[in-house]
Number of protein chains: 2
Amino acid sequence: MSAQSALNAAKPGVRRTQAERSNAMRRRLLAATVESLAEEGYAGSTLSSIVRRAGVSRGAQVHHYPNKQALILDAAEDLMRRSYRALGAVLLSVAKEDDRLEALIKACWDSLFATPMYRAYTELLIASQRDPVLAEALRQMLQRVRGVFEPAVEHYFEPAPGSGANPKALFLQMSCLLAGLAVQAHVIQNPSLIHAQLTLWSKQAGSLMYARKGVRTPPPRPAAWDRPARG
Amino acid sequence: MSAQSALNAAKPGVRRTQAERSNAMRRRLLAATVESLAEEGYAGSTLSSIVRRAGVSRGAQVHHYPNKQALILDAAEDLMRRSYRALGAVLLSVAKEDDRLEALIKACWDSLFATPMYRAYTELLIASQRDPVLAEALRQMLQRVRGVFEPAVEHYFEPAPGSGANPKALFLQMSCLLAGLAVQAHVIQNPSLIHAQLTLWSKQAGSLMYARKGVRTPPPRPAAWDRPARG
DNA sequence: TATTATACAGTCCGGACTGTATGTAAATTA
DNA sequence: TAATTTACATACAGTCCGGACTGTATAATA
């Protein structure tokens, strides 16, 4: 008797519907996959290691995902859902800040880019250089995230009069800067240097755009945001 | 008889010294390794595929590099030497430009970050998140590149009076921005957007630092730069 | 309740990869 | 030129991965 059987048997009287079982199993597998991507990398995330991490059998995985690519692609979507939520929380948190630019970039760093979630994303990003299907999935994913981020930017910020600045372009710059910092963080090895870069950017951008006066509400959020994982 | 034996036999009268043979073989292996890292990724760069790409036998590789890590580490150093040269060429090329900032960032993008060389570096960078030895090697590598880049920056640029800007910090920002663009370029999939980001940064930075007047000579270059690969 | 479909468990197989061991040719040295 | 070291070639051993396959229990359905 395997550990998993014992674990299931540990809840004796519980009767679960098929959909419940499937969803729970998928969630476990996806969580384990994302965790493994962040910790073991793309190549290190073998099916065997993932099912071991999830504490389920090989058969369970193959039942829900016919091959590895299917699991990875679903994990990518799961990653996007998590990004949505984290981004929503970030946008909500800066609504009441005074120095909104610095608050935003630091919140983005702490809650989005300096996280295991983003490390997992990075692994997929690099792997997608040699996997067109994955690349297309990430491309759409990025586009959808930008689709909620950019309206929020418009909601919060306006170009400084006469500067000719473009807030959207500036925030794309920010995201590239954060991405660059994230992939190099472990060789930079200097938290204060990273922190200084975040401050530097917010100061620079602060002379090119201002937070709109009187805006204290978060931007309108797409309905899809808080929808649970599956139906 | 293998392809390699035939290839060697193709130069009948040639007698080479041992050192020549070793160096030539090492060069072939390193070139193939870097090429493979860029094209097939870290995990895809197996020893078998590398020797196949180099057109040499498995035994040759094992003779020069006892294990995979040794080959990878030497490839990393080779990568650094190439970066040195490319960087030297870039710094030399901007010496005579008028809009030196824009010329510099675009030259860095074209000659350093948007290259197979940097793609190989990225693979090592990501892999080094789970390989402390490789991470340390890359850390030193980065430090040495910065050690030639930052004096050059001081040589070419000065902070705009009263701006309180720090050119070194600004160029670190630039390198992070370029790194972020590089890892995402294939999902951004929009050359003009990348180009716009380069221009945007040079405009921003242009208000914070100026090219020193009258400087038309390249910065002093470390002696190590043009030294051939091995001795 | 009987039947069927779904969810899950465990095992096997072909292939690929790394490291090793052994054999041969070329170059250096005595 | 003989001996020895260096450079390279080939074959093999052990491990692991992904996919296929078979068997069992649980839920849905008739």
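First the proteins, then the strands, lettered A, B, ... as listed; each starts at 1.
- Under the salt bridge (Lys or Arg N to Asp or Glu O under 4.0 Å) criterion, A:Arg52 pairs with no residue at all, not counting sequence neighbours.
- The interatomic distance linking A:Gln61 (CD) with C:dT11 (P) rounds to 16 Å, in whole Å.
- Using a 4.0 Å cut-off on heavy atoms, the residues of residues 39-52 of chain A that approach DNA chain D are A:Thr46, A:Leu47, A:Ser48, listed by number.
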Hey, can you pull the donor-acceptor pairs under 3.5 Å for the side chains in residues 30-37 of chain B, sequence neighbours left out?
unit_1  : atom_1 : unit_2  : atom_2 : d
B:Thr33 : OG1    : B:Leu29 : O      : 2.7
B:Glu35 : OE2    : B:Arg53 : NH1    : 2.8
B:Ser36 : OG     : B:Ser45 : OG     : 2.8

Please tabulate, one pair per line, each protein N/O and nucleotide N/O from nucleotides 5-7 of chain D that are separated by under 3.5 Å, including the distance.
unit_1 : atom_1 : unit_2  : atom_2 : d
D:dA7  : OP1    : B:Ser22 : OG     : 2.4
D:dA7  : OP2    : B:His63 : NE2    : 3.0

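- Every residue two or more places apart in sequence or in another chain was checked for a salt bridge (Lys or Arg N to Asp or Glu O under 4.0 Å) with A:Glu154, and none qualifies.
- The CD atom of A:Glu20 sits 13 Å away from the C1' atom of D:dT26 (whole-angstrom rounding).
- Checked against salt bridge (Lys or Arg N to Asp or Glu O under 4.0 Å), A:Arg146 has the following partners two or more places apart in sequence or in another chain: A:Glu150.
- Side-chain atoms of A:Gln143 and A:Arg139 form a donor-acceptor pair, as typed in the model, at a separation below 3.5 Å.
- Under the rule for a side chain to side chain donor-acceptor pair (under 3.5 Å), A:His64 has no partner lying at least two apart in sequence or in another chain.
- Sorted by first and then second residue, the ring pair (Phe, Tyr, Trp, His ring centres under 6.0 Å) pairs involving residues 17-62 of chain B (not counting sequence neighbours) form an empty list.
- Listed by first and then second residue, the salt bridge (charged side-chain N to carboxylate O under 4.0 Å, His left out) pairs that reach into residues 114-126 of chain A are A:Glu123-B:Arg130, sequence neighbours excluded.
- In this view, B:Ser83 satisfies the side chain to side chain donor-acceptor pair (under 3.5 Å) rule with no residue, not counting sequence neighbours.
- Checking C:dT18, C:dA9, D:dG19 against the side-chain heavy atoms of A:Asn67 singles out D:dG19 as nearest.
- For A:Lys106, the salt bridge (Lys or Arg N to Asp or Glu O under 4.0 Å) partners two or more places apart in sequence, or in a different chain, are A:Glu102.
- What separates CG of A:Leu29 from C1' of C:dA9 is a distance of 14 Å, to the nearest Å.
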Filtered N/O pairs between nucleotides 2-4 of chain D and protein, under 3.5 Å:
none

